[in-house]
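Read through the structure below, which is laid out as structure tokens, and then see the notes.
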There are 4 protein chains.
Amino acid sequence: MSKSLETGVPRGRPRSEKARRAILRAAGELLESVGFAAVTVEEIAARAGVSKATIYRWWPNKAAVVTDSFLELTSPEIGFVDTGCAVRDLTAQMRGLAHVLGGRSGRFIAALIAESQTDPEVAEALREHWIAARRAETRPLLRRGMERGELRGDLDLEVAIDALFGPIYWRMLTGYAPLTDDFIDRLTDHVMAGLRVPAGGPGIRTNGE
Amino acid sequence: MSKSLETGVPRGRPRSEKARRAILRAAGELLESVGFAAVTVEEIAARAGVSKATIYRWWPNKAAVVTDSFLELTSPEIGFVDTGCAVRDLTAQMRGLAHVLGGRSGRFIAALIAESQTDPEVAEALREHWIAARRAETRPLLRRGMERGELRGDLDLEVAIDALFGPIYWRMLTGYAPLTDDFIDRLTDHVMAGLRVPAGGPGIRTNGE
Amino acid sequence: MSKSLETGVPRGRPRSEKARRAILRAAGELLESVGFAAVTVEEIAARAGVSKATIYRWWPNKAAVVTDSFLELTSPEIGFVDTGCAVRDLTAQMRGLAHVLGGRSGRFIAALIAESQTDPEVAEALREHWIAARRAETRPLLRRGMERGELRGDLDLEVAIDALFGPIYWRMLTGYAPLTDDFIDRLTDHVMAGLRVPAGGPGIRTNGE
Amino acid sequence: MSKSLETGVPRGRPRSEKARRAILRAAGELLESVGFAAVTVEEIAARAGVSKATIYRWWPNKAAVVTDSFLELTSPEIGFVDTGCAVRDLTAQMRGLAHVLGGRSGRFIAALIAESQTDPEVAEALREHWIAARRAETRPLLRRGMERGELRGDLDLEVAIDALFGPIYWRMLTGYAPLTDDFIDRLTDHVMAGLRVPAGGPGIRTNGE
DNA sequence: GATTAATCGAGACGGTACGTCATGTCTTAGC
DNA sequence: GCTAAGACATGACGTACCGTCTCGATTAATC
């Protein structure tokens, strides 16, 4: 998001890496403590011991700094695991996400999603660096499940990911109900098994309840 | 000191209903065209041919006006239908929502969700007047499906609703992928049937494990 | 210099006379104490207990406020007198000016002259409200002197005024030499010896040296 | 630490005379075209194809560069002439000055006078290099006139110079009236009539007193 | 019909943050 | 040791909204 002139040989005084880091750290702290709307470039500059001009030299506006700050601070978070059971692995991943969203990153992401409704660059950054990354972590699990025969062979991976993770983000954003482990478990259960009475084997449930 | 002493009969010039409507309409138009952050009370007043004081006399701040504007303009519910098939009815409802979210109300709701991340009153209004209303429309469908044996008898209604509708909102908010009818159909299919290979039916797992 | 819409009936909250005066007083104090270049709108606002917006609502920029401040504070200053002797009256007026220029108004006027080199509006205000006013005070004295036969009958009033007062301003601006009473006296003497009808009767010096 | 240790042989890359000239030329052009206040070091550097650091290495601030630029470009003195008539010579000199002040140097000098109200160094440079030089050109003319008996023997040279030239600068600075040749002639006439030994022609005061 | 009281429009007010700009200092690499 | 390039801290600029506040003018219901 920050500028880069790509001019072969760099001329002049090089950009201060120290300042850059101080700015991103300050922006992150502020976002966390007061929320996006209340973050101020003036305050970021003050906290980072940096001039406003330096911030505006490298980022076009507040949203860009804050977004960069987020991307900088949230890289390798939710790991893979392979317990041999896709459902268990997916549940673990979903719990992991719910946990992250419940913590400091949650406020961060909620704020960015909010901002992304107005600012296309934030939206793009969010999609590219957060959403795409998370989805990329889930696809292998689903594929593995399909290969092993745990999951339906005709799955649409993207739709499946939406079905599993969409509800989690939705709850975070609306606060309609809490993001408890119990919720995650029920969600996994419902989506994995399906809401419908299984079409499956004749005789199994044909006789009603 | 209170605006209305509740003495039965109001005295003085009554509130201008015309002004009220003009304000809400102007707020709605603005929100739609420029997004929440860019809406200004000054502009609402100008468009509505109304003074700022009149706005602030009746609403505490920008968010309240815009929220009211939304509530005023989104009474028309997405009706029920009962075709006898719960899945079909739910799909219809989901398609209906997707259609609404794709239109002007979509921008409206997205803006309010964004604002609600910061403003608890907007969050509350949104939950109460939009989210609760939508969920209330879905519950009977699910119950009917359970009673008829189309849907699992042990459904957690709230989780089911999240599973069905959460992904739709999530896509709208992130723009990760479009809200097409095809997506709705696949989503319904995946959630209704479940992602997992059914425990039941013979033949499906012919190769054993 | 400040705005005036001249819209017959005034609407809305009337301009705060108190704020206006506080601004002009603050601007004047500042100009006096730190000089034009160091005057800051921010500081004027702070001193006057007024918001910057209020200043910019009524004046287009710093120069305008300071100029207005000057005009406000320097109206009726150097009086007329008629002692019966034009030379004496003019000398008194010149001493008066020299005295004023040596005091707080001197810094003020020097600053405005400086600013007027760049800002045409300041130049105009200065010409209209200071220079024209001063010249208007001198013309009657010169005319009186002409009528009484103390001064040459073919005087060009404007040139005479320039000849008498130009050197005073010039010394103030360059600081080349001090504005003492002695200087004024010598200046009057030198210039008057020419403005005055020559004492020399015919024959007095006709024969040269 | 001092820039030149005076150790006889200078070490390192010598100062670029080309850069120096380019800077002064650029400064002069800028001052002329936009006025002192609008001149920026940044722009000087850009025009001169020079870095800001180079400017600040050799001049303490903007005023110094501009002043130097002026001094560099205004060496060509306004020569003397001796026609045998002091009045004629002085008039020629005054016309010469008026002409100079009406041209590019006029803007230059006006800008420096303006700046000198705030910056003592500019004031000093102006006095030393411009004002003193001009006065030095006039004194011999006045002395010659006194010796020849054209001018009063008791002249105060400094006051006389102020009386002759002060009005010219004053008109230039205020723009109260134009610096025409006609003005110069009338000014000379008015002031000379007093500086000069009265011709005391017969008939002038025919009516006696 | 006059009085009363709350509304309305207009728009000025103190504040706060914005994003821009110029200053004068500094840091680097290259000549 | 000088140079060009350009990043840096500082601090004022002028703008835009915020939410509050006076005004004089409306507008009904009550007297």
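Throughout, a chain's letter reflects where its sequence line sits, starting with A, and its residues are numbered from 1.
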Which whole-number value in Å describes the distance from [X] [atom1] to [N] [atom2]?
X: B:Lys18; N: E:dT7; atom1: NZ; atom2: P; value: 18 Å
X: D:Asp119; N: E:dT23; atom1: CG; atom2: P; value: 14 Å
X: C:Arg15; N: F:dC21; atom1: CZ; atom2: C1'; value: 17 Å
X: C:Ile44; N: F:dA12; atom1: CD1; atom2: C1'; value: 12 Å
X: B:Arg57; N: E:dT7; atom1: CZ; atom2: C1'; value: 6 Å
X: B:Ile55; N: E:dT7; atom1: CD1; atom2: C1'; value: 15 Å
X: B:Glu17; N: F:dA28; atom1: CD; atom2: C1'; value: 16 Å

>> Taking the nucleotide of DNA chain E with the nearest heavy atom to each, does B:Ser51 or A:Gly12 sit closer to the 5' end?
In response: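 Nearest-nucleotide comparison on DNA chain E picks B:Ser51.
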
>> Using heavy-atom distances to pick each residue's nearest nucleotide on DNA chain E, tell me which of C:Val50 and B:Val50 is more 5'.
In response: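 The residue whose closest nucleotide sits nearer the 5' end is B:Val50.
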
>> Quick check: on DNA chain F, is the nucleotide nearest D:Gly49 upstream (toward 5') of the one nearest B:Pro14, or the reverse? Name the residue that is more 5'.
In response: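 Result of the comparison: D:Gly49.
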
>> Distance to the ring centre below 6.0 angstrom and angle to the axis at most 45 degrees; does that hold for C:Arg20 and C:Trp58?
In response: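 The answer is no; the distance or angle limit is not met.
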
>> Near DNA chain E, counting only heavy atoms under 4.0 Å, which residues of residues 20-36 of chain D show up?
In response: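 Hits under 4.0 Å, by residue number: none.
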
> Would you find a donor on one side and an acceptor on the other, under 3.5 Å apart, between the side chain of A:Asp68 and the backbone of A:Leu71?
Replying inline: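 Not at all, since once roles are kept as given, no pair shorter than 3.5 Å links the two residues.
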
> How close do C:Leu173 and D:Ser116 get, heavy atom to heavy atom, and via which atoms?
Replying inline: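 Minimum heavy-atom contact is O-OG, 4.3 Å.
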
> What closest approach, in Å, do C:Ala19 and C:Ser16 show between heavy atoms, and which atom pair accounts for it?
Replying inline: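 The answer is N-OG, 2.9 Å.
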
>> For B:Arg47 and B:Leu30: C-alpha separation, side-chain torsions, deciding distance, then whether side chain to side chain contact (heavy atoms under 4.5 Å, CB included) applies.
In response: CA-CA 9 Å; B:Arg47 273 196 190 217; B:Leu30 270 174; 3.8 Å; yes

> What's the verdict on side chain to side chain contact (heavy atoms under 4.5 Å, CB included) for C:Leu24 and C:Trp59, showing C-alpha distance, side-chain angles and the deciding distance?
Replying inline: CA-CA 11 Å; C:Leu24 294 180; C:Trp59 292 275; 3.8 Å; yes

> Is the distance from OP1 or OP2 of E:dG14 to the nearest side-chain N or O of C:Thr54 less than 4.0 Å?
Replying inline: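 For E:dG14, OP1/OP2 do have a side-chain N/O of C:Thr54 under 4.0 Å.
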
> Are B:Glu115 and B:Lys62 close enough for a salt bridge, meaning some N to O gap below 4.0 Å?
Replying inline: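 Result for this pair is no, no salt bridge flagged.
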
>> Does this structure show an ion pair linking D:Glu29 with D:Arg25, if we count only N-O contacts that are shorter than 4.0 Å?
In response: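 Looking at D:Arg25 together with D:Glu29, the answer is no, because their closest N to O distance does not fall below 4.0 Å.
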
> Among all residues two or more places apart in sequence or in another chain, which pass the salt bridge (Lys or Arg N to Asp or Glu O under 4.0 Å) test with B:Arg104?
Replying inline: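 Salt bridge (Lys or Arg N to Asp or Glu O under 4.0 Å) list for B:Arg104, sorted by chain: B:Glu32.
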
>> According to salt bridge (Lys or Arg N to Asp or Glu O under 4.0 Å), who are the partners of C:Glu128, at least two apart in sequence or on a separate chain?
In response: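 By the salt bridge (Lys or Arg N to Asp or Glu O under 4.0 Å) rule, C:Glu128 matches no residue at all.
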
>> Expected output check: what is the dot-bracket annotation of DNA chain E, where ( ) and [ ] are pairs inside the strand (brackets for crossing ones), | is paired with another strand, and pairs are Watson-Crick or G-U under 3.5 Å?
In response: |||||||||||||||||||||||||||||||

> What string of B, S and - do you get for nucleotides 15-20 of chain F, 5' to 3', when a contact is any protein heavy atom under 4.0 Å?
Replying inline: B-SBBB

>> Does D:Glu121, at its CD atom, have more than 12 non-hydrogen atoms belonging to other residues, nucleotides or ligands within less than 6.0 Å?
In response: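 Check fails, neighbour count at 12 or below.
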
> Among E:dC8, F:dA7, F:dA5, which nucleotide sits nearest the side chain of A:Trp58?
Replying inline: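 Nearest to the side chain of A:Trp58 among the choices is F:dA7.
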
Indicate every side-chain donor-acceptor pair of residues 34-45 of chain C with a distance under 3.5 Å to a residue at least two apart or in another chain.
none

